[in-house]
Amino acid sequence: MEQLKKVLITGGNKGIGLAVVKRFIELDYDVVVVARDFSNFEFKDNKKVRCIEYDLSNMTGLKDLAKEVGEIDTLINNAGYMQPKYSYDNYPLEAKEHIMNVDLYAPVELMTLFCEDMKKRNYGRIVNTASIAGQIGHPDIWYGIAKAGLMNATKIFAKLLGGHNIVVNCIAPSPVETDMQKDNSEERKAEFKKAVPCGRFAEPQEAAEVIVWLATACPEYVNGTTVDFNNGSYVR
Ligand SMILES: NC(=O)c1ccc[n+]([C@@H]2O[C@H](COP(=O)([O-])OP(=O)(O)OC[C@H]3O[C@@H](n4cnc5c(N)ncnc54)[C@H](OP(=O)(O)O)[C@@H]3O)[C@@H](O)[C@H]2O)c1
């Protein structure tokens, strides 16, 4: 079967996801974007782009969301957030459940739902956006835990789906200049900048280059991997 060239990008309305959307439009993909707010989304009237308003903390609606999206051969699980205002010992249950839904359970469920058509087509590419937080830990402990879980899920999905020519990878960025940085304290940002050899945070386009490469051109022997994206600030 031919490649479909249809991609779902969660959180594609801004930040890293928006940079990914731009690259896929250039590659002439049909692009579906899922997020909660498209009021400032520059591609909302683009013919190649479909916007679906959806809150990914709503786990029970994911099956219907998948039906609405239809068949895709490329999935970019990019949406995510953190809430460092909560400390490990004062983290409301609802806040825990919310972040685990958005940052871990929904991405895993979307892989589960969308891989069925990919299997039939015998082609698929999935890229998950984790974080360095999942490798080194984070003051928002549930953010770090969710991202670590996503890296782990990447490994097992690569094994489960590899026989169907479906390649599943992950990226673990250190800080990137997006709105998300508003949630990080000035102290933590300054500390991080000192640890980055190039002395700056990454631009969203740089992360997008890696994500799009993993989703399009990378050899299938790169599978189940988490690509470190941190300019040597965390060398393993
Ligand atoms: N920036 C960094 O320093 C950094 C570092 C490592 C990893 N990351 C990861 O990179 C990914 C993209 O983040 P970013 O830096 O581009 O931040 P961003 O600009 O704040 O974008 C976050 C995206 O996630 C979407 N999103 C958040 N909650 C959602 C929900 N409940 N339902 C649906 N969509 C939701 C947002 O759209 P709406 O708000 O419109 O829903 C937005 O598109 C995230 O997974 C983040 O954890 C970022």
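As the structure lists them, so they are numbered: ligands from 1, and atoms in each ligand from 1.
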salt_bridge(Glu71, Arg121) N-O dist < 4.0 Å: yes
Results of side chain to side chain contact (heavy atoms under 4.5 Å, CB included) for Asp28 - residues two or more places apart only: Lys5, Lys48
Classify the side-chain pair Glu97/Tyr105 by whether it contains a donor and acceptor separated by less than 3.5 Å. no
Sidechain N-carboxylate O distance under 4.0 Å for Lys22, Glu42: yes
Could you label the plane-to-plane angle of the Tyr29 and Phe24 rings as parallel, tilted or perpendicular, counting under 30° as parallel and over 60° as perpendicular? perpendicular
Using every non-hydrogen atom in the two residues, find where Ser233 and Pro197 come nearest and quote the distance to one decimal. N-CD, 4.0 Å
What residues come within 4.0 Å of ligand 1, counting heavy atoms only? Gly11, Asn13, Lys14, Gly15, Ile16, Ala35, Arg36, Asp37, Tyr54, Asp55, Leu56, Asn78, Ala79, Gly80, Val102, Thr129, Ala130, Ser131, Tyr143, Lys147, Pro173, Ser174, Pro175, Val176, Thr178, Asp179, Met180, Gln181
